[in-house]
J.: 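Handing you a structure now.
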Amino acid sequence: MPKDVTDVICPFCGTLCDDLIVTVSDDNKTILGVKNACAIGAEKFNHQRLPGRVQRPRMRQADGSYKEITYDEAIDWTANLLVKSRKTLMYGWASTSCQAMSIGHEIAEKVGGIVDNCATVCHGSSLIAIEDVGVPSCTLGEVKNRADRVIFWGCNPAHAHPRHMSRYSIFPRGFFTVKGHKGRKIYCVDCRYTDTAKCADEFIQVQQGYDYELLNAFRTAVRGEALPDFVGGVPKEKIQAMADDLKSARFGIIFFGMGLTHTMGRNHNIDIAINLTRDMNDHTKFAIMAMRGHWNVTGSGQVLGWQYGFPYAVDLSRRDQARHQTGETTSVDLLNRNEVEACFYIATDPGAHFPVDAMISSSRKPTVTVDPHINCTTEISDIHIPVAMVGVEVGGCAYRMDNVPIETRKVVDPPEGMLTDEELLTKINTRVDELLAKGGA
Amino acid sequence: MEKKITLNMITCRTIQQGVGMEAGKTSQKYFDACTIMHMHPEDMKKLGVWKNTNVKVTSSVGSVIVKAVETREDLVPGLAHIPMGPWANRIVPAYTYSTGEPCFKGFPVDVEVAASARIMGAVEVLQDACGLIRK
Amino acid sequence: MNTVTLTVKNTPELFLECENVNPDAFAGKKAADIAKLGAFQGKEITTLGDYFTIAGEAGATAADTKIVINGDCTKMKYIGAKMNAGEVIVNSTCDMYTGSWMSGGKLLVKGNVHSFCGLAMKGGEFTIEGNAGNYLGAAYRGDWRGMSGGVLRVKGNAGSDVGTFMIGGEMIIEGDVDIHLGTHMEGGRIIVKGNANRRVGGQVVKGEIYIFGKINVMMPGYKQVGEVSLDVDGTKAKFAEYIGDIGERHPKRKGETVYGKLYMKQ
Amino acid sequence: MSEFIIKNGHVFDPVQGIKGDKKDIAVKDGKIIESVSSGARVINAAGKTVMAGALEIHAHVAGPKVNAGRWYRPEDKHFDSHKKPGMTRIEGGKSIPTVFKTGYEYARMGFTFAMEAAMPPLYARHVHEEIHDTPIIDEAALPVFGNNWFILEYLKNHEVENTAAYIAWVLRQTKGYGIKCVNPGGTEAWAWGLNCLTIHDPVPYFEITPAEIIKGLIEANEYLGLPHSMHLHQNDLGNPGNYKTTIDSLKLAEGMTAKNNFGREQVLHSTHIQFHSYGGTNWGDFESKAKEVMDYVNKQKNLTIDTGNVTLDETTTMTADGPFEHHLHGLNHLKWFNVDVELETAAGIVPFIYDPSNAVFCSQWAVGLEIPLYAKDPMRCFITTDHPNAGPFTRYPRVYSWLMSKKVRDELLNGFKKAAKVIGATTLANIDREITLYELAAMTRAGPAKALGLMKDYGGLKAGMNADIAIYNINPDKFPSTGPEIEKAFANVAYLFKDGKICVEEGKVMDMGHKKTFWVDAKVKENKQVAHDVKEKFLRYYSINENNYSVPESYAPHQHIIAVDATQ
């Protein structure tokens with residue numbers, strides 16, 4: 001009899017929807033259907049049962065082909081590489097559990113790794129801004145229960161966080177927001193008229209790369225000072241009207257995304273948006289939140305935070321100290337500058353998401369990639385170690401974009417004999433210990 | 001005469017790219033979602049390119065062949081969009097302004113029609129750049 | 001003053017952390033002792049002697065010690081970082097953190113420097129004959145205390161984020177600067193003799209910025225209040241005076257609001 | 001397990017009334033016993049001070065805001081994130097140490113238990129993940145209730161039984177220890193940008209006052225008979241003239257008696273009372289009212305307090321008192337972090353520099369010392385720095401040096417740039433009292449253990465108790481005379497026994513111990529109303545499902561569950 005697993009947590013994006021219902025086969029091996037998930041989340045579960053999934057580690061041969069090897073061989077190869085390399089980039093972590101990360105960090109501390117997560121090419125800019133000026137924020141339930149002004153700035157949840165608007169930000173009725181969408185005014189600021197903009201009551205089209213200037217203009221307008229006629233292509237009357245309307249809010253929230261983190265000025269765009277939010281709190285209640293994209297990238301920042309005090313780009317290469325400097329210990333910079341000797345990728349795919357020059361640099365170093373599936377990175381790595389899918393075939397803790405942790409659920413068994421991230425890392429850790437005890441480094 | 005226009009490029013998420021990513025990086029869904037460049041109709045006219053025709057996009061760091069499509073989410077003229085993925089990243093400058101964050105959005109590209117050029121696969125486009133394809 | 005001469009004999013494969021190359025670490029040491037000071041490439045612990053030929057001996061104190069470095073230092077970080085006194089001359093380009101957290105003495109780099117140099121500098125003189133990278137004289141991440149004293153001069157261009165969170169001291173860039181100049185400044189002065197790209201003086205609380213060339217895009221939060229004749233680093237000229245960043249908070253002194261000042265050479 | 005005999009040490013144990021007598025302590029299988037076999041390892045404690053392991057009653061050491069404070073302050077640990085010799089991990093952070101440093105540093109100072117003072121229930125999993133990763137010390141966490149919608153609604157109608165049933169449910173879901181109440185009503189008001197500055201200010205929409213919340217939570221606590229009392233962070237923290245509100249709040253406990261099986265006598269613990277003992281009307285005429293507050297505390301036997309000593313450091317303030325942090329940011333303009341937590345609470349963080357050249361900060365320092373020096377019953381007054389708010393917990397040895405030596409504190413007081421102003425605004429200069437080692441043992445061991453309901457096993461050295469023992473390099477007959485010497489002795493135990501194992505030796509961490517998570521499982525009568533309300537609130541207002549709310553067993557693999565039965 002197929003059965004339903006309820007309250008399943010979606011392991012795709014930072015929205016961490018926790019109301020999925022997954023139907024699984026009697027033998028716990030196959031997913032038969034997914035309810036409540038968005039198109040992307042459903043695809044994630046569907047991927048689990050695709051035929052042809054790689055089930056054992058593979059090693060790249062001289063002719064470019066891959067040969068199956070045992071887990072033990074892969075673990076030994078990886079441990080040797082880590083022990084030998086003077087400086088190793090250990091990047092990824094966003095699609096695995098906090099428990100697995102913790103073991104990874106222990107390894108990094110022993111072998112001199114630099115632990116970086118997907119924030120580095122996503123909301124790293126936001127983290128820099130928060131390091132610089134803090135952030136007034138809230139949990140997503142606060143938005144649902146209280147927000148009467150919602151601003152989407154440089155983010156497109158309709159595409160990137162498909163259920164965000166219905167669960168938290170536009171449509172839901174909450175305790176003080178019984179009218180749902182009707183009681184909220186939705187703004188969208190973007191350089192494109194996105195599908196999110198189509199859901200908004202008001203769209204402000206900013207010239208690409210002028211967000212900092214426009215936010216500066218908003219801050220100036222909130223203080224009641226004069227503005228130039230146009231800022232970033234937006235007429236001053238429109239800026240002033242929106243500033244006044246935001247002041248009349250009871251509870252406002254700004255959601256922002258990679259439209260701010262990736263464009264010119266990067267962290268400064270967020271920094272000034274945070275400062276606008278801070279200013280608004282002199283008039284009413286306002287919050288701001290990063291639309292964290294990658295499922296548990298927030299969790300990686302949290303674990304690194306409590307273990308080392310930095311949210312990403314944590315340089316443990318000296319083994320006796322932890323350091324952090326974005327622009328130096330961030331993955332793309334390390335690869336651009338050829339500052340590392342080896343790469344260990346886990347639970348992410350830099351091959352698809354890093355600029356090509358960084359990956360060319362990476363491809364010239366010994367590389368291990370740990371991922372449930374074949375992806376771009378696995379195909380330029382020396383070794384690909386497949387593992388169980390976290391949040392589908394094994395549970396573990398994950399953090400939502402508002403830093404709320406949720407223990408994810410195992411839905412089905414992984415393929416026979418396949419290790420989880422935690423098991424694999426534990427074995428690598430043990431092997432590293434053995435090598436170090438023998439004077440391996 | 002070979003026409004060339006310069007556009008401001010942004011690389012962004014799309015839901016199709018998300019679905020494709022989860023279907024697998026080697027899947028047709030991913031390929032279909034990410035090997036396109038959204039253009040404004042005016043720019044297409046300026047370049048003299050028909051909808052769904054391959055173009056060569058060149059930035060300061062390299063070139064990639066993708067298919068020009070008329071955008072569904074409106075752009076302003078002069079702005080172009082390739083969904084995130086190894087194709088887009090073939091042309092994304094890796095310079096980070098010491099923030100760790102490369103130039104994913106807002107870099108100039110030259111676009112020219114390349115109707116008969118072939119679009120590479122996801123793995124191929126990366127392996128090719130890394131010199132891992134044996135010719 | 002005693003002089004120690006370091007000549008690069010091995011170029012590091014990765015980047016070498018040279019936090020021990022400064023007069024404070026050398027003070028009171030002979031060449032052989034200096035050679036034993038640590039140098040680091042990731043987890044590999046080596047010594048300065050592994051990378052440099054060392055001649056001469058240091059003075060008894062940092063103030064009595066001069067260090068001259070010859071050879072290629074492109075892949076060397078932290079040269080002169082945290083120096084309190086004495087003199088360092090580098091006849092090469094250097095990497096990150098050169099002269100960062102320095103509080104005294106003289107540091108001269110006869111090439112370029114990479115990013116994060118002169119970070120949170122407190123005092124002394126730091127001169128770069130070539131170009132500087134990003135975050136010159138800025139604060140370390142998260143800190144609100146950037147460059148607070150001393151003089152930092154770049155004869156070439158500088159990158160982005162120059163003088164972020166600057167609270168004192170003087171910085172002169174003789175060439176051009178990239179985006180985000182003096183962001184979050186709360187004191188000190190920055191003089192740019194070339195052009196500035198965009199986002200000059202964003203979120204400035206107080207402090208002074210002088211631009212001799214052009215600014216690509218002016219921040220909306222700046223307002224022209226007049227014109228003044230000034231002598232700036234040896235140049236006498238008329239400057240348009242702006243106050244800003246109007247969007248930012250500003251302190252009050254004797255009932256008057258204190259703004260940041262931006263001067264544009266006419 | 002091995003046996004130990006700690007020989008010839010000067011023992012200080014308020015539980016048994018031992019005041020520095022030479023006495024041997026026998027340890028076997030994690031417990032203190034009467035005597036051990038001849039094979040026991042001998043620890044020579046001659047010329048040393050022996051006390052029970054210390055208990056931290058109030059610190060912010062694990063959870064979402066602590067961690068935000070860590071990672072948003074890279075500058076707090078740049079150049080200060082090193083590995084020390086021994087089997088330790090890298091230790092980072094000055095004002096908000098990483099979990100590793102937190103565990104090691106407490107242990108090095110002789111602590112074996114720490115209470116995380118504010119756990120937002122929605123974030124309980126995070127709190128427990130950090131507790132799990134913190135080495136050596138036992139820990140527990142207090143969920144916050146003072147602004148929780150369930151509580152506000154039940155107490156509006158004075159439904160104590162429902163309040164208690166809901167609290168019991170939350171304790172089980174979150175593996176929590178007791179009832180924390182921060183700025184009652186004020187934090188809910190903060191969700192609209194407002195605050196409750198007196199205990200009679202109504203909470204917007206909920207039509208209840210802080211006074212009703214405080215009283216109701218005390219009643220619910222005693223209804224359940226929890227090991228700890230209601231733990232209160234009062235309204236109007238940190239403002240001149242707030243001592244009146246402080247005493248008004250304390251008065252709410254008058255006439256109430258503790259009902260529990262743990263030997264606890266207080267019904268209300270008022271935390272970091274230093275921040276609540278201010279007179280004056282502004283920062284100019286700001287003055288100490290420590291005497292007034294302590295006069296009241298001294299005569300009310302059903303109260304306990306902790307101090308919240310300002311240590312004059314650069315630190316990081318963090319509290320569930322969201323409006324206070326916003327206010328503080330307005331004063332110093334340093335980076336402000338805020339999180340409002342749906343239906344439950346909020347938290348704010350602002351870095352803060354208690355600059356010793358500023359008269360107000362120095363006066364706050366003096367108030368913090370006056371409080372314990374005015375305390376008549378050291379079993380009801382505990383030393384804290386409200387870590388990291390008034391200063392990092394790693395400064396305890398320094399705080400002890402000020403309390404134990406008039407000379408040491410007077411040197412500092414008289415050396416302040418604004419000494420005259422500080423002396424005028426406070427009474428510290430006139431206090432001659434020096435806290436003795438015996439009193440210190442009460443203020444840091446026996447007292448907090450009793451207040452937490454742990455006196456049966458912790459806080460003393462009586463046979464049968466848990467073998468958590470700190471041995472300091474302090475000869476009471478030749479008590480160190482300078483501040484640095486006192487500090488050094490308290491910062492580096494000669495030995496720390498945790499559960500009968502040596503975890504620290506001469507300040508060096510030797511063993512990770514057997515770390516436990518304490519929580520309270522309170523059994524209540526089946527309550528359909530509360531079950532219904534929980535279901536309803538999760539369906540309609542929470543952003544996560546009820547079934548994903550609880551803390552799984554795996555987060556606290558070594559749990560020490562204290563069972564309470566309130567069904568009778």
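Just the heavy atoms: all of them, side chains too, but no hydrogens, waters or symmetry mates, feed the values below. Each chain gets a letter, A, B and so on, in the order its sequence line appears, and its residues count up from 1.
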J.: Which atoms of Asn547(D) come close to chain A, meaning under 4.5 Å heavy atom to heavy atom: side chain ones, backbone ones, both, or neither?
T.: both
J.: Against chain A, label Trp149(D) side chain, backbone, both or neither, depending on which of its atoms sit under 4.5 Å from a heavy atom there.
T.: side chain
J.: Please state whether the side chain, the backbone, both or neither of Tyr555(D) comes within less than 4.5 Å of a heavy atom of chain A.
T.: side chain
J.: Kindly give the heavy-atom pair with the smallest separation between Ala191(D) and Arg146(A), and that separation in Å.
T.: CB-CZ, 3.1 Å
J.: Hey, does Ser543(D) have a side-chain heavy atom less than 4.5 Å from the side chain of Val404(A)?
T.: no
J.: Identify the heavy atoms of Asp18(A) and Asn545(D) that sit nearest to each other, and give their distance.
T.: OD2-N, 2.6 Å
J.: Got Arg400(A) and Ile544(D) here, is their nearest side-chain heavy-atom distance under 4.5 Å?
T.: yes
J.: Heavy-atom distances under 4.5 Å only: say whether Ala322(A) touches chain D with side chain, backbone, both or neither.
T.: both
J.: Test your reading of the model: is there a side-chain donor-acceptor pair from Asp320(A) to the backbone of His82(D), 3.5 Å cut-off?
T.: no
J.: Quick one: CZ on Phe100(D) to CD on Glu109(A), what's the gap to the nearest 0.5 Å?
T.: 6.5 Å
J.: Are Glu407(A) and Arg125(D) within salt-bridge range, i.e. N to O under 4.0 Å?
T.: no
J.: Applying ring-ring contact (aromatic ring centres under 6.0 Å, His included), name anything that partners His558(D), two or more places apart in sequence or on another chain.
T.: His514(D)
J.: Mind checking the CG-OG1 spacing from Leu304(A) to Thr98(D)? Nearest 0.5 Å is all I need.
T.: 12.0 Å
J.: Against chain A, label Pro552(D) side chain, backbone, both or neither, depending on which of its atoms sit under 4.5 Å from a heavy atom there.
T.: side chain
J.: Are any of the side-chain heavy atoms of Asn338(D) and Val135(A) separated by less than 4.5 Å?
T.: no
J.: Taking the basic N atoms (NZ, or NE/NH1/NH2) and the acidic carboxylate oxygens, is any pair closer than 4.0 Å for Arg278(A) and Glu325(D)?
T.: no
J.: Is the cationic atom of Lys144(A) (NZ for Lys, CZ for Arg) positioned less than 6.0 Å from the six-membered ring centroid of Tyr541(D) and within 45 degrees of its normal?
T.: no
J.: Charged N to carboxylate O under 4.0 angstrom, Asp340(D) versus Lys285(A)?
T.: yes
J.: If you measure from NZ on Lys83(D) to CZ on Arg318(A), what distance do you get to the nearest 0.5 Å?
T.: 14.5 Å
J.: Around Lys508(D), counting heavy atoms of other residues, nucleotides and ligands shown, do more than 12 lie under 6.0 Å from its NZ?
T.: no
J.: What part of Gln325(A) gets within 4.5 angstrom of chain D, counting heavy atoms only: side chain, backbone, both, or neither?
T.: neither
J.: Report which part of Tyr308(A) has an atom under 4.5 Å of a heavy atom belonging to chain D: side chain, backbone, both, or neither.
T.: both
J.: With chain D as the partner, which of Gln99(A), His324(A), Arg409(A) has the greatest number of non-hydrogen pairs under 4.5 Å?
T.: Arg409(A)
J.: Below 4.5 Å from any heavy atom of chain A, which atoms of Ala346(D) appear? Answer side chain, backbone, both or neither.
T.: neither
J.: Between His326(D) and chain A, which part of the residue has a heavy atom less than 4.5 Å away: side chain, backbone, both or neither?
T.: side chain
J.: Chain D: which of Val303(A), Ile274(A), Asn281(A) shares the most heavy-atom pairs with it under 4.5 Å?
T.: Asn281(A)
J.: Which one wins on heavy-atom pair count under 4.5 Å against chain A: Pro74(D), Gly92(D), Ala62(D), Gly330(D)?
T.: Pro74(D)
J.: With a 4.5 angstrom heavy-atom cut-off, is it the side chain or the backbone of Tyr399(A) that approaches chain D, or both, or neither?
T.: side chain
J.: Output the option from Val339(D), Asn548(D), Val99(D) having the highest count of non-hydrogen pairs under 4.5 Å with chain A.
T.: Asn548(D)
J.: Determine yes or no for a side-chain-to-main-chain donor-acceptor pair under 3.5 angstrom, with Lys335(D) supplying the side chain and Glu131(A) the backbone.
T.: yes
J.: Do the non-hydrogen side-chain atoms of Ser137(A) and Phe337(D) ever get within less than 4.5 Å of each other?
T.: no
J.: Non-hydrogen atoms of chain D under 4.5 Å away: do they reach the side chain of Leu16(A), the backbone, both or neither?
T.: neither
J.: Please tell me if the side chains of Glu129(D) and Cys397(A) come closer than 4.5 Å, counting only heavy atoms from C-beta onward.
T.: yes
J.: Should Leu343(D) and Asn145(A) count as side-chain neighbours, where that means a heavy-atom distance under 4.5 Å?
T.: yes
J.: Tell me, for Asn275(A) versus chain D, whether the close heavy atoms (under 4.5 Å) come from the side chain, the backbone, both or neither.
T.: neither
J.: I need the Thr139(A) OG1 to Tyr542(D) OH distance, nearest 0.5 Å.
T.: 9.0 Å
J.: Name the one of Arg89(D), Arg70(D), Glu130(D) that satisfies side chain to side chain contact (heavy atoms under 4.5 Å, CB included) with Gln307(A)?
T.: Arg89(D)
J.: Is it the side chain or the backbone of Tyr205(D) that comes within 4.5 Å of chain A heavy atoms, both, or neither?
T.: side chain
J.: If you draw the axis of the six-membered ring of Trp192(D), does the NZ or CZ of Arg250(A) fall within 45° of it and under 6.0 Å from the ring centre?
T.: yes
J.: Atom CZ of Phe310(A) and atom OH of Tyr72(D): how far apart are they, to the nearest 0.5 Å?
T.: 15.0 Å
J.: Pick from Leu122(D), Ile349(D), Asp133(D): which one has the most heavy-atom pairs with chain A under 4.5 Å?
T.: Asp133(D)
J.: Would you check if Phe79(D) and Gln321(A) make a side-chain contact, meaning some heavy-atom pair closer than 4.5 Å?
T.: no
J.: Looking only at the aromatic ring of each residue, does the gap between the centers of Trp71(D) and Tyr312(A) stay below 6.0 angstrom?
T.: no
